[in-house]
Structure formats: structure tokens, C-alpha cells
Amino acid sequence: MRTTLWPLSLGSLLTLGAALTGTSSEGDQGNLRLAHRQSTCDGVVLVRHQGEWGHLCNLEWTLAEASVVCRQLGCGPAVGAPKYVPLPGEMVRPWLHNVSCWGNESSLWECSLGAWSQRACPHEWVVVALCANGTFREIRLVKGHSPCAGLPEIMNVNGVDRLCGLHVEEATVFCRELECGHALQAPRQDVGVSKYMTCKGTESTIRNCRLNNKLRGGCNLLLDAEVICSGHVEARLVGGEHSCAGRLEVLRGLTWGTICHADLDLPTAHVVCRELGCGIAVSTLGGAQFGQGSGPVWLEAFRCVGNESLLFHCPREPGHHCGHEQDAALTCSEFRLVNGSRDCEGRVELQVQGTWAPLCAANWDLADAMVLCHQLNCGNAVSVPPGGHFGDGDAPIWPDVFHCVGTEPHLLHCAASTLGAHDCVLGNTASTICSGLQDILRLRDGQSYCDGRVEISLDGSWGRVLDNAWDLHGASVVCRQLGCGEAQRAYDAPAPIFRRVPVGLRQVRCLGSETRLVHCNVSTSLLVPAGTLRDAGVVCSGSLRVRLAAGPGRCAGRVEVFYQGSWGTVCDDAWDLQDAQVVCRQLDCGHALSAPRNAHFGAGTGHIWMDELHCLGNESSLWKCQSGSWGQHDCRHKEDAGVFCSESVALRLRGGTSGCIGWLDVLYNGSWGAVCSNALRDISLSIICRQLGCGDQGWLENRPSSGAGLGISWVDNIKCRNLHNATLWQCPSAPWNPHSCTQEEEVWINCEGPPQIALQDPAQTPNCSSSFGCLENSVLRVLGGEDGCSGRVELWHAGSWGTVCDDSWDLVDAEVVCRQLGCGQALAALGEASFGPGVGPVWLDEVECLGSEVTLEACQAEPWGHGDCTHKEDAGVRCAGVSTTTALSPSLTPPSVAEVWNLSEIACLVLGCLLGIVFLVMIAQWCHIRDASMGAGMLGHLQSEGIYEDIEVDPVPKKEENTVSRLLMLEEGYDDAEEPEDQPTENDE
């Protein structure tokens, strides 16, 4: 393209004529080159004149001029014509001023040339030509959820250039060049700042913008947002029991909307599941099964073939018109059953990064199978055949070890101990046979798969059983049909929380001898809104189970037993290591390291179910040990028994300046040991940092140990997989070994954690001397809000961050959080994941604070990690103040008096002080009078001695003696005097 030339003087024109005459013989390729790049087909344009090299000085520089340069150099067509402000070492003197080309010239010398002169340029930039045969390959947006959203990059042959600090003009050019529409969001919004890359917004390619190398610096990932173009499309599932089930919502640009169920076919559902890393589609659901969405209902339908990697790539066509009552929903699964005679039986396989591989049968049991069958919409688990029953498969066997209760909505929600597990024996693949959905029952929302709310499948879909006319006879039929023993309770249960479930049966009247619930006198009903009536609930004898609560993980804590529908504790009378050994074996937690007593993990609540246990140590369950009758005891909760098992694990970073930097240690078998660096890759580092609450990225640092090692290195060859909500405990590795690597191979990690959060794992503080690891003091933070005083409430516990359920969450609870954060008064207590759903465990449920507690963990709540919530119910707060620090341990930041005491308490304190002063004055006066009397007696009044002796035998001292004796007696019977008798009640029906 021709451009207007700067005005030239007559002398300049004469100089130009002489230059043109001189270059007619010099117009060969040797007088033109591209410099300061790794390729001869990229770089600053330099020309040679009179034996000296210099750069072009052009106010305007376009692809037309760059094309001629690339053609002359034999470098193919031009792909970019940026202006470039070089570093001082790259500067040469200008030679040729104001070149203008049409673009079809074969040589630069055929263009309109300006003046040959070494006078200074009026601007600081030089011109650059980027040719097709150079290093450039493509521009792209990465780490987004479609090609039209993400962080901007330029990919070259020798690497990637990350572009930081882009504003709306640069983002506009990026989106246009990617054919993604216009820019809706730019990484930076600030104005009036100097930038490394500067575009006008009208350029055809980002490679035509001006670059200032003097302003180039490192990228700040915390400051740069994604580029989002109007063509961006992204899918998510909302409102389900886990992240791979729910209402389908599609993001177009910056707006979320739903689609009609009629527009969702199975191939499209498979693509959605693949995009979300959720495996394959199990089922599609209509009728707003996971609740109605908000926002638009998109009128454009996706018509996927089924093999696309993203919904973005699917063809589109006009769709149906519908309201939110017809919002589409689906469920996905990363697990499948293959090689069986029907869909609901076969070899268990897990998909990782698009590849299916079988699971090991070594630790696979009926509870694991029950969760998988429910997850695959295949009813209940009927049996777990021996390993290899449905063939070996062609892929290596995953060594995953799950510890499911049977009530989890998804296998990846079960506790896992894959880290350190031994390799699977060849051919020992896990197998499962599910019942299918025809005329079967299941129990939901309970503490095991043998208690909970009754659901029935009559026509291939699940329905509720209403509680009208429900009694123990019906419960007996349910327990018998499920193979769960005898019925212990029949009760009315709350309606389902997460989805709209039709009513299957109502007015169920049984004799108690029927083999199936449908054989009773029943009535069926049409769909009714969830919550209109309560559901039938059952507790069967097969629900009996044990857990460890309030400890650092599932393998350490207070011993609790679920009996007749209620959790209760175990008294520590006669409690010893043999009793603890039975608990550890029953929970698949290795062997017992210690059997702490005296409510080491805090006092429990409710029943004390067991006392005076005398286990031999080889029993299969705790209730097979010799003991008294259920509920018969002479204890209080200050005597609750606890257990530390060898499989209790925890994670920390040691020796750094914060809890997000340091040597990576893991607690195992009662001892802290190092983690080895071999095979540790980006996915593993991301999972570790996320588990520690330290961001999503981490880096290895080669740092000499300098004698700082622990003498133990527990685990090597960690190879984590990109699974939903994965933790380090779900990562395959070499088996546990205290000498897994040398001290030089122990790993030091830098996590990207927020700089304002400086966490110290409580287990590495000087006061932590327990050989079994110390209980970690909870640490509090809020995330997702506009500042450090609003957001989703999260607690650090057992080596990872977790959330708080919004059940019973109110302003009193929020007040404790705001006080603990130093954020003043609570303005709002928010639920339903108002600040977005969290990840990791839901640590606390049914929190009931009085309002005067110093920390949230001091409030009454369900045991750590034993709630019935998902992240859809994460609690949040909004406080009045602005926090200067977040996520600090309460023990390090005691609140001020004004924050802990209210006005009435302060008034009482002042009054008490005044009364104390008056009392001291009275004592001083009494002492003065007594001394005067004694002085008179010493001067010869002998009668005073008789009076003095009479006072000695006065009844008052006797009363004091009795008082002391009574206090000693109460101290010996401390529990009886201190704590009232527990009187739990049950509402049996």
C-alpha cells in the first residue's frame, strides 16, 4: 500500500536521485537482511549502503512493504509487519527513510524509496518483517474452554511467547484474527499505562502491532484475565450431586443459558461429557430434573457427530422453543462396565485422558460396586465376582484403591489410598454385576446403603416412596428385599434435595411378610413437585458401621459407631491397642499405632454405644469383641476412645517462607517423610498445590538439602492423572518405602499460592512433637468475593482446604467467621454456593454457633468431613470490614477484647473490678484492727488468748474443712459432677 511521503527538500530529492542511481547496481539480495532473530526470515529490516548497514526509518509500515522484503529474501509471503522498539544493544543508525511499496514488487529497490540519510528518526521504533519461512507458526488462546477464550500466545518454532498486559484494542485484533468475533473481555482494564504491545484495534493481525522491548517483563498471572471473544462456547453441568451430572448450561460469550431437552441428543451429550473430562454420557434427562435455570434458553441447537472434543466444534442449526421447565440435563461417568452380557455388568474401567483401562480387584468390594452401579444408573450392586471374571482387557491395570461407604454419588467422591499401593497382579481386574432398574429399591441420603430414604424404580426411572401409612412392616419388606438384615426403624425422611424426583409409590401398607415392596397394598401417583410430602425412611440392621471422626483423616480420630440410625461413641474403659487394631483392620487403615483415651480427639455427642471392650485383636468388626450391652455404660464423653492407624496420611510443605513453598513431606505410618522428585510432572504439582490451598500451579526447584532431611523418604514415581477433584492420595506411585530415594532426590516445591496467604502447617511447628503427627489447627479463609472479607468460607484441615455446608448456616455463624478474619460485623450469611462451588472435601455441616466463639471450629457441628452436602451448598459470608490478612491461624491472631466481649460483659468486668477493690480495702481494715488487738494482748491482756482459742474452735473452720473435703470428693468424681447425663431421643415411627 502506498502512503504519503514526508515532505522532502530539494536537497533531499537530489540525494534521493543519487541514491537511486547508486543502488541500481546494488539491488542484489546482499544489501538487505533481517536481523536480531534466530531465523534469517524474521527480524529487523536492515539495508546496506556505502558498505554500512542501517535500518529503515518509516512512519508507516504495512504488510505490503514486508511482503516485498520477504519475497526478495526468498522467505515466502509476509505474515507480519510489526514496529519494534529495540533494546540499546540492538540499535544501528538509520539509513533509508520512508519506503513505500505496492506489495507486488520483486525487490525493495523497486519500491518508492525515500532519502538515504543517517539523520535521526523522529520516532523510536524500527520496522520488522516476519516471513512465512521464519519461526512464526500460529497465534492462539490457551487454558480457556474453547479456541475463542484463554490466555494469548504466539507459537514459534523454538517456543511460545506469552502475551501479557493486553487491553481491549489488542484483544479485538486477536479475536478478529482467530475468526472468533469481537472481544468481550480483555486481560487488562487499566488505562493510561505503557504497554509492551500496542495496537490500534484495526490491524488485520496481531503481528502488525507495535512492540516495545523496553517494557517487556514477566507475566503476572494474578493480574491478567483471559481474552474472551463473542464466539466462545463452553458447557457446564449445574445442580447435580457431583460435577459430572446436572442441568446443561452453555456459555456463549459471557452469557450462560440453557437448552431445550428436545435439542439434546446422545452424541451431543457424549461431547459435553468429553469436554468436561467426565467420560461418557450415561443418560439425558428432561423436565428440569436438576432444577430450572435462569437467563436465556438458547434457540440454536448443537448437532454433534459424537467424536468432537468440544461443543464449540459441533455443527449448529435452529432449535426448539421452550421454557426453563424443559431444561435439558444429563449424567456422565468416567467409569464403565464392559465385556458383560448386558450393559449393567462387566469389567470395571476408568477413562483417563481419553484412554480406558481396567481397575484392580485387590480392594474392590460391594460398597465400591454399589456406588458405581448408582453412578451408571444401573440400580444396586448384586455381586462382586472374583478378579478377571469379565476378562483382562488390553491396557495396564489401574491400582486405584477406593474406600466407599456406599452412599457417595460418585466413585471419585470416595476416600482413596491409591498413593503407595502395590501394582496389581496381572489379570486381576475388578468386576461388578448390577441389578438393572426393573422393580428395584435403593436407599438414599443415609449413612450407609442399608439406611436412608426409600426410592423405587418401576419403569426404568427412580421414584419416591411417600411416608403416608408408612410403618415398620413396610420397612421390614424393604430391608429384606435389599439384603440388609432386619428393620430397626421406620421414619419420615426429607424429600430429595438435588433433583426433582417423581412419586413412585404412596400409601404403602404391608403385612411385613412380602418379598418385594410392590407386592404390598400400594398406590401409584403422577409427578408431583419435590417437597410436597415427606418420604419413607428405613434403618436396617445392615447399616451397622464404624468410623473415625474429628481426626486429621479417615484413619485417625474418635471412634464412632452407627447403630439403630444414630452415631455414638465408645467409652475408653479398658480401651487398648488390641481394640484399636480391630478398628484399623475394619476400616482398611493398616495397623493400630496408638489407642488414645480421654477424648483425645474431642468429646463426642449423643449416645455412648459401647463400653468395656475386650478385643483379642483378630476380630473382623468391633461389635464382635466381648463387651457390655449396646448403650449400657458408666461413662461420659470425656472418656471417648480414639485411634491412630498406620494408613493415616497428611501433607505439608516444610522449611519455606510460607506454607506454599518448601520440602514436600507426607505423613505415613506415624512418621513424616520426604517425597521423591522422580516422575513428578505438572499435573502432579498442580494437584499437590491445589490440595494445599496454594493455587493451581507449582514448580520444582533444585535446592540442596543442607542436612535438612528427615531421614525418611516415603514415596517415589508419583504419576497423578487429571481427574475431577483429585488429591495426591488418588495418584498411582511406587509402593511405600522409607528409603525410596536419596536425599538429593527429595523434592522442593514452589506453589503459585496467593502472596497474601502465608500458611504454616501446624504439624511442623516447634510444639508438635507427637510421633503420630499432630492434630492440625484449622485455618480459615474466604474466596471468590470482592475482597478478603467476603466469599466462600473455607477451612484448612487434614492437609487440604475444604468448605462449609449451608445447612443451618445463619448470621450468627457468619459473625464468628467475620470476627475470626478480623473483618468486623457480619452483613450476610449466604448459601447455595453464592460465591461459586469449591473443591475438595466439605469439612463442616450443620454448624450452630452461639456467636461468642473465637473460631468457627469451636462451634457445634457434625464431625469433620461427615456431612451430607455437596459443593452446590457451600456457605459464604459478607463482612463489613476489609481484612488485611487472610487465612491466618486463630492461634496466631487472637481477637481483641472489643471483638470477643459485648457491652454487658464489659460492664460486668468493670463492676467486678470495683467490688474487688472495695473487698481489698475491707480486708486491709480488718487486718489493721486484728493487729491492734494482738498488740494489746502481747502487752499483758492475757484474757485475749482465751478469746482467741475460743475462736479457733468456732464451727466456721469446721465448715471450711468440710468444704475442702467436698471439693476433693468432687474432683475424684469429676465426670459425674461436671457433665449431665445424656438423654438422646429418637422419633421412631
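Quick caveat, the model's predicted, so the values are computed rather than measured.
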For the cysteines Cys689 and Cys694, is the SG separation below 2.5 Å? no
Salt bridge check, Arg236 against Glu234: does any charged N sit closer than 4.0 Å to a carboxylate O? no
Would you tell me whether Cys273 and Cys278 have their SG atoms within less than 2.5 Å of each other? no
Are the side chain of Arg681 and the backbone of Ile718 linked by a donor-acceptor contact shorter than 3.5 Å? no
Under 3.5 Å, is there a donor-acceptor pair between the side chain of Glu862 and the main chain of Leu844? no
Nearest 0.5 Å, please: how far is CZ in Arg336 from CD1 in Ile280? 6.5 Å
Beyond-backbone contact of Asn722 with Val352, side-chain heavy atoms, under 4.5 angstrom: no
Donor-acceptor contact present, side-chain Asp368 to main-chain Cys404, <3.5 Å: yes
Shortest non-hydrogen pair, Val401 vs Thr418, comes out as N-OG1, 3.2 Å
Interatomic distance, Glu455 atom CD to Arg442 atom CZ [nearest 0.5 angstrom]: 4.5 Å
Less than 4.5 Å apart, side chain to side chain, heavy atoms only: is that true for Val384 and Ser431? no
How long is the gap from OG on Ser543 to CG on Leu443, to the nearest 0.5 Å? 9.5 Å
For Val271 and Leu310: C-alpha separation, side-chain torsions, deciding distance, then whether side-chain contact (heavy atoms from CB on, under 4.5 Å) applies. CA-CA 6 Å; Val271 173; Leu310 300 171; 5.7 Å; no
In terms of side-chain heavy atoms, does Glu345 have a donor or acceptor partner in Ser341 at a distance below 3.5 Å? yes
Find out if the SG atoms belonging to Cys360 and Cys424 lie under 2.5 Å from one another. yes
Give a yes or no answer on whether the side chain of Asn428 reaches the backbone of Val425 with a donor-acceptor pair at less than 3.5 Å. no
Between atom SG of Cys148 and atom CD1 of Ile228, what is the distance when rounded to the nearest 0.5 Å? 11.0 Å
Take atom CG in Asp343; do more than 12 heavy atoms of anything else shown fall under 6.0 Å from it? no
Let me confirm one number: the CD-CD1 distance from Gln697 to Ile688, rounded to the nearest 0.5 Å. 14.0 Å
Side chains of Ser684 and Asp682: is there a donor and an acceptor less than 3.5 Å apart? no
Closer than 3.5 angstrom, by distance alone: can the side chain of Gln326 be matched with the main-chain N or O of Gly323 as a donor-acceptor pair? no
When you take the SG atom of each Cys, Cys479 and Cys484, is the space between them under 2.5 Å? no
Heavy-atom neighbours of Asp394 CG exceed 12 at 6.0 Å: no
What is the minimum heavy-atom distance between Gln481 and Leu517, and which atoms define it? OE1-N, 2.9 Å
Measure the acute angle between the ring planes of Phe562 and Trp567, then classify it against the limits of 30° and 60° as parallel, tilted or perpendicular. tilted
Using a 3.5 Å distance criterion without hydrogens, assess whether the side chain of Ser733 forms a donor-acceptor pair with backbone atoms of Gly420. yes
Evaluate the side-chain proximity of Ile440 to Trp462: yes if any heavy-atom separation is below 4.5 Å, no if none is. yes
Run the side-chain contact (heavy atoms from CB on, under 4.5 Å) test on Leu651 and Trp729 for me, step by step, so that the C-alpha distance in whole Å, both residues' side-chain angles and the decisive distance to 0.1 Å come before the verdict. CA-CA 10 Å; Leu651 193 64; Trp729 319 131; 4.1 Å; yes
Between Phe302 and Val233, is any pair of side-chain heavy atoms under 4.5 Å apart? yes
Please find the pair of heavy atoms, one from His413 and one from Pro409, that lie closest to each other, and give the distance. ND1-CG, 3.7 Å
Sidechain-backbone polar pair: Arg464 side chain, Ile456 backbone, donor-acceptor under 3.5 Å: no
Test log, rule side-chain contact (heavy atoms from CB on, under 4.5 Å), inputs Glu334 and Leu723: CA-CA 9 Å; Glu334 307 96 314; Leu723 302 175; 5.6 Å; no
Backbone N/O of Leu285 and side chain of His261: donor-acceptor pair under 3.5 Å: yes
side-chain contact (heavy atoms from CB on, under 4.5 Å) evaluation trace for Leu458 with Val518: CA-CA 9 Å; Leu458 295 174; Val518 291; 3.8 Å; yes
Nearest heavy-atom approach of Phe335 to Phe402 is CZ-CZ, 4.1 Å
Flag the pair Arg303 and Asp263 as a salt bridge only when some basic side-chain nitrogen lies within less than 4.0 angstrom of an acidic carboxylate oxygen. yes
Note, Val297 side chain near Leu299 side chain (heavy atom, < 4.5 Å): no
Donor-acceptor check, side chain of Ser435 to backbone of Asn380, threshold 3.5 angstrom: yes or no? yes
Does Trp398 have Arg721 sitting over its ring (NZ/CZ under 6.0 Å from centre, angle to axis within 45°)? yes
Should Asp451 and Val538 count as side-chain neighbours, where that means a heavy-atom distance under 4.5 Å? no
Yes or no on disulfide (SG to SG under 2.5 Å) for Cys434 and Cys378, after CA distance, side-chain angles and deciding distance? CA-CA 6 Å; Cys434 306; Cys378 279; 4.9 Å; no
State, yes or no, whether a side-chain contact exists between Gln375 and Leu411 at a heavy-atom distance under 4.5 Å. yes
Say you draw a straight line from CD of Glu873 to SG of Cys805; how long is it, rounded to the nearest 0.5 Å? 4.5 Å
Any heavy-atom pair between the side chains of Thr803 and Arg792 that's under 4.5 Å? yes
Run the side chain to side chain donor-acceptor pair (under 3.5 Å) check on His403 and Ser417 step by step: do they pass? CA-CA 8 Å; His403 304 282; Ser417 58; 2.7 Å; yes
Are Glu226 and Lys143 ion-paired here, with the side-chain N under 4.0 Å from a carboxylate O? no
Hey, which of Asp400, Thr432, Thr429 is the one that makes side-chain hydrogen bond (donor to acceptor under 3.5 Å, both in side chains) with Trp364? Thr432
Mind listing the closest non-hydrogen atom pair of Leu237 and Cys244 along with its distance? CD1-C, 3.6 Å
Taking all atoms of both residues into account, what is the closest heavy-atom pair of Cys344 and Leu337, and its distance? C-CD1, 3.7 Å
Does a sphere of radius 6.0 Å around CD in Glu300 hold more than 12 heavy atoms from other residues, nucleotides or ligands, not counting ones at 6.0 Å or beyond? yes
Please confirm whether the backbone N or O of Ala281 pairs with a side-chain atom of His270, one donor and one acceptor, at under 3.5 Å? yes
